[in-house]
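Starting from 1, each residue takes its place in the sequence as its number.
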Amino acid sequence: MALSARRALQVLDFLTANQRGTFTLSELSRVLAVSPGSMFAVLKVMADEGYVSRHPRHKTYTLGPAAAAVGHAAADAHPVIELARLEMVDLAESTGFECSGTVQVGRDVLCIAVEGKPTGRSVELAPGQRIPLQPPIGQPFLAWMPPVEGRDWITELPEDLQERVADYLRSHGPVVRQRGYSVGLDDLRPDRPSVSQKLAEHPNDAGLRESLLQQFFEELPDYAVLEFEPDVVYNVGNIAVPVFDPDGRVAFCLTLLHLGEMTGRAIPAAAQPVIASAQLLTRQIGGRAPNHDWAESL
């Protein structure tokens, strides 16, 4: 029963992240790495309950009306999401950049919403899409994670990378916390598929998820720059700022996407609108900055 429930949730996640598409049973079976027989049983129950809709002629599946009802109820239960969407619309309009909103769900970063006109510079992050919470993804979640949780999280990573991840957090975490935001650089190589694209196409590929962390340390050591030279031009991929809840935890992350070339001197100014929106959201939900003992060892 637990396995069937997990598969049903994976179907919901995949259809949410690919909401503009329609998929046959065999396509869902392939991308989610579930046997056709098991997938048929899961889809039948979900269709009977209205969580997916099956086209009578094309035999393809999309999200059903019951999923919409769940989405509305969840938004009411988590007011920061709707408040954040309004801020994201304003941010996108005032800056001219796309803005995404993400939350931490277990060991993943889940995209809740994306606002603004797509830039076309890379594959876009889609609502409902999950990406593993590991460097370089989700820097604000990692930087403000309580040290005791950080230690537990590190022990679940591949053993040969645990110390490298700990070193990364020790060096980058204090810088991100001092700035109040993280900066990620764009990898503009046209022959390099994006992390989000790979995971959208194969969300249950365990080997892919495990390889991402190794790939980061081997190929993207300068994704998160510790110090920006004022006159050097950087291809800024994102600026991300946390929103804190009443317990001092990161409840939400606001991120401007694909800002393009700018000097190191211009980056702090570009971050100010996102910081202002995040601080406003923190006040609106009665949040506060965390007061963890950052001197605790990872």
Side-chain angles (χ1 to χ4, degrees), residues 1-78 80-82 84-86 88-89 92 98-106 108-120 122-132 137 193-206 208-209 252 255 257:
M1 182 64 71
L3 182 58
S4 296
R6 178 177 293 276
R7 287 171 174 168
L9 293 174
Q10 290 171 341
V11 170
L12 283 177
D13 282 345
F14 182 80
L15 292 179
T16 301
N18 298 274
Q19 56 187 280
R20 293 183 178 85
T22 59
F23 302 89
T24 64
L25 185 152
S26 61
E27 289 171 333
L28 290 171
S29 175
R30 176 177 53 81
V31 298
L32 296 177
V34 177
S35 70
S38 296
M39 181 57 69
F40 173 79
V42 169
L43 290 173
K44 185 178 187 308
V45 172
M46 295 181 71
D48 289 345
E49 299 299 325
Y51 289 96
V52 300
S53 295
R54 182 174 183 265
H55 194 284
R57 183 159 55 90
H58 301 302
K59 308 297 190 291
T60 53
Y61 292 87
T62 58
L63 286 175
V70 171
H72 286 301
D76 289 340
H78 300 277
V80 66
I81 293 176
E82 189 56 36
R85 287 183 67 98
L86 298 175
M88 290 165 60
V89 170
E98 269 192 294
C99 184
S100 70
T102 53
V103 297
Q104 181 182 346
V105 179
D108 289 342
V109 173
L110 173 65
C111 179
I112 296 296
V114 180
E115 300 293 344
K117 184 178 179 180
T119 62
S122 70
V123 176
E124 304 303 326
L125 193 64
Q129 190 168 338
R130 292 174 182 255
I131 301 177
I137 305 300
S194 72
V195 169
S196 57
Q197 179 184 22
K198 289 180 179 179
L199 288 173
E201 294 171 353
H202 304 284
N204 285 349
D205 189 326
L208 172 60
R209 293 172 69 93
F252 199 85
T255 306
L257 301 170

*Please report the shortest heavy-atom distance between S35 and S29, naming the atom on each side.*
C-OG, 3.5 Å
*Please name the pair of heavy atoms, one in A113 and one in P127, separated by the smallest distance, quoted to 0.1 Å.*
CA-CG, 4.1 Å
*Just grab all the side chain to side chain donor-acceptor pair (under 3.5 Å) pairs involving residues 57-66, residues at least two apart or on different chains.*
R54-Y61
*How many angstroms lie between CG in L15 and CG in L32, if you round to the nearest 0.5 Å?*
8.0 Å
*Would you say the side chain of I137 lies within less than 4.5 Å of the side chain of P132, judging by non-hydrogen atoms?*
no
_Residue pair V34 / V42, side-chain heavy-atom distance below 4.5 Å_ = no
_Run the side-chain hydrogen bond (donor to acceptor under 3.5 Å, both in side chains) test against E115 and tell me which residues pass, sequence neighbours left out._
R85
*What's the shortest heavy-atom distance between L28 and M39, and which atoms?*
O-CE, 3.8 Å
*About how many Å separate CZ of R30 and OG1 of T24, when rounded to the nearest 0.5 Å?*
8.0 Å
*Heavy atoms only: give me the nearest L12-A67 pair and the separation to one decimal.*
CD2-CB, 4.4 Å
_Partners meeting side chain to side chain contact (heavy atoms under 4.5 Å, CB included) with T16 (sequence neighbours left out)_ = L63
_Nearest non-hydrogen partners of T22 and E27, listed with the distance_ = O-OE1, 3.9 Å
*Got a sec, which pairs hit salt bridge (charged side-chain N to carboxylate O under 4.0 Å, His left out) with one end in residues 7-16, sequence neighbours left out?*
D13-R130
*Tell me, which pairs form a side chain to side chain donor-acceptor pair (under 3.5 Å) where one or both residues lie in residues 39-53, sequence neighbours left out?*
K44-D48
